[in-house]
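Read the structure below first, then the notes.
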Amino acid sequence: MLQDKRILLIISGGIAAYKCLELIRRLREQGAAVRCVLTKSATEFVTPLSVAALSGDKVYSDLFSLTDEHEMGHIQLSRDADLLVVVPATANILARMALGIADDLATTVLLATDTKVMAAPSMNVRMWEHEATVSNLHRLRQRGIEILGPDSGDMACGEYGEGRMVEPADILAAIQAHFVDGGRLAGLRALVTSGPTHEPIDPVRYIANRSSGKQGHAIASALAKLGADTTLVSGPTRELDPGGVNVIHVETAREMLTACEEALPTDIAVCAAAVSDWRVKQAVDQKIKKDGAAPSLSLTENPDILQTLSQPGNDRPRLVVGFAAETGDVLEKAPPKRARKGCDWIVANDVSPGTETFGGNTNQVHLITESSSESWPQMSKQDVAVTLARRIADQFHPPAAAE
Ligand code: CTP
């Protein structure tokens with residue numbers, strides 16, 4: 001329920017603006033107070049009258065309206081909200097937000113706020129994929145703005161692709177998750193490792209693996225959304241830095257270990273990185289030349305980060321979670337790995353060829369503790385991350401106590 005929550009919807013001029021009407025209705029059904037600011041172009045898609053009728057409040061649109069400013073100044077509009085949601089968020093309003101341009105009431109309110117902001121992008125696939133939009137989104141995420149979607153599908157313009165606004169039900173779910181879960185890990189510190197490591201052979205060659213970093217990055221983001229002060233130590237990946245997370249980029253396993261040790265003490269550690277087990281004993285600083293005989297590489301073992309963090313001591317995080325990437329019988333192999341590493345929980349998954357786990361978007365995992373094992377259904381890596389973050393929150397604040 002969203003009883004007593006004050007939500008400010010910033011409606012910009014996209015074809016999906018009509019979906020706002022359903023969102024307003026659903027928010028009010030949940031008990032939220034909804035106030036709306038429309039951009040000038042939004043009024044071409046939805047009428048202020050219908051928005052006012054559904055929200056039960058005056059609709060604001062003009063920064064220079066003396067009546068608007070007198071009744072409710074732009075600073076007050078942002079102060080009076082517990083959450084701001086830009087819906088739909090066109091490429092144009094996202095660009096203005098990224099640059100801090102405040103040339104109408106909507107963008108002025110967005111610049112004047114220090115309240116949490118969500119945005120549900122809606123645009124043509126080419127605009128969504130344009131380098132300018134990609135870098136604007138990156139900036140906004142880094143600033144902690146939560147981007148909802150977009151979905152893929154048929155578009156009003158006749159094209160197909162990514163850029164369709166997520167459904168009102170999904171936006172409502174994100175808003176509910178924010179109010180229900182947000183803050184459950186407040187006051188706690190979390191450390192997450194993610195991605196592969198690169199172990200140099202010479203200045204141009206390295207040993208690596210197929211890890212994409214998607215799962216680890218999603219976990220860092222999910223923990224941060226629950227309020228944990230989160231540090232992500234990431235090997236080289238193509239993933240964007242998640243918003244609201246302190247990200248440290250490293251290359252090798254040894255650099256990853258040093259960065260993790262520097263991030264301690266934390267309450268939570270989740271080791272999702274696919275750390276290279278070995279490195280070349282003596283990487284050389286000159287490129288190895290082809291001189292007839294193939295070189296042989298002498299390898300040595302890398303430090304085990306999970307095992308190091310799990311060792312008893314003052315700095316040991318209160319909850320250490322590892323991952324067990326296995327082929328074959330996962331449930332047989334993972335429990336002894338948990339015991340060997342000394343971590344509290346291990347999230348085991350099958351990375352056999354054909355499962356598409358490495359690099360893919362879904363994951364089917366088993367959560368193994370000292371005394372229990374449970375199998376989760378196949379779900380997106382995002383959902384695995386959110387489910388794991390909630391389980392971690394349950395561990396620190398059992399659900400009854402979290403009310
Ligand atoms: N791990 C780590 N440091 C390493 C190797 C692994 O922190 N040098 C962590 C991983 O992040 C993961 C867990 O240990 O959380 C298990 O990784 P996995 O590759 O499944 O296990 P290994 O220890 O490498 O064992 P093996 O490859 O023999 O199964």
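Computed over heavy atoms, backbone and side chain alike; hydrogens, waters and symmetry mates excluded. Residue indices begin at 1 and follow the sequence shown. Whatever order the structure lists them in is the order used to number ligands and atoms, beginning at 1.
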With sequence neighbours excluded, residues passing salt bridge (Lys or Arg N to Asp or Glu O under 4.0 Å) with Arg126
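Per chain and number, Arg126 pairs via salt bridge (Lys or Arg N to Asp or Glu O under 4.0 Å) with Glu159.
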
Using a strict threshold of under 4.0 Å (side-chain N to carboxylate O), is an ion pair present between [Y] and [X]?
X	Y	value
Glu146	Arg141	no
Arg35	Asp57	yes
Asp103	Arg96	yes
Asp181	Lys225	no
Lys287	Asp202	no

With a 4.0 Å heavy-atom cut-off, what residues sit around ligand 1?
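The answer is Cys271, Ala273, Val275, Asp277, Pro303, Asp304, Ile305, Leu306, Gly322, Phe323, Ala324, Ala325, Lys337, Lys341, counting any residue whose heavy atom sits under 4.0 Å from ligand 1.
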
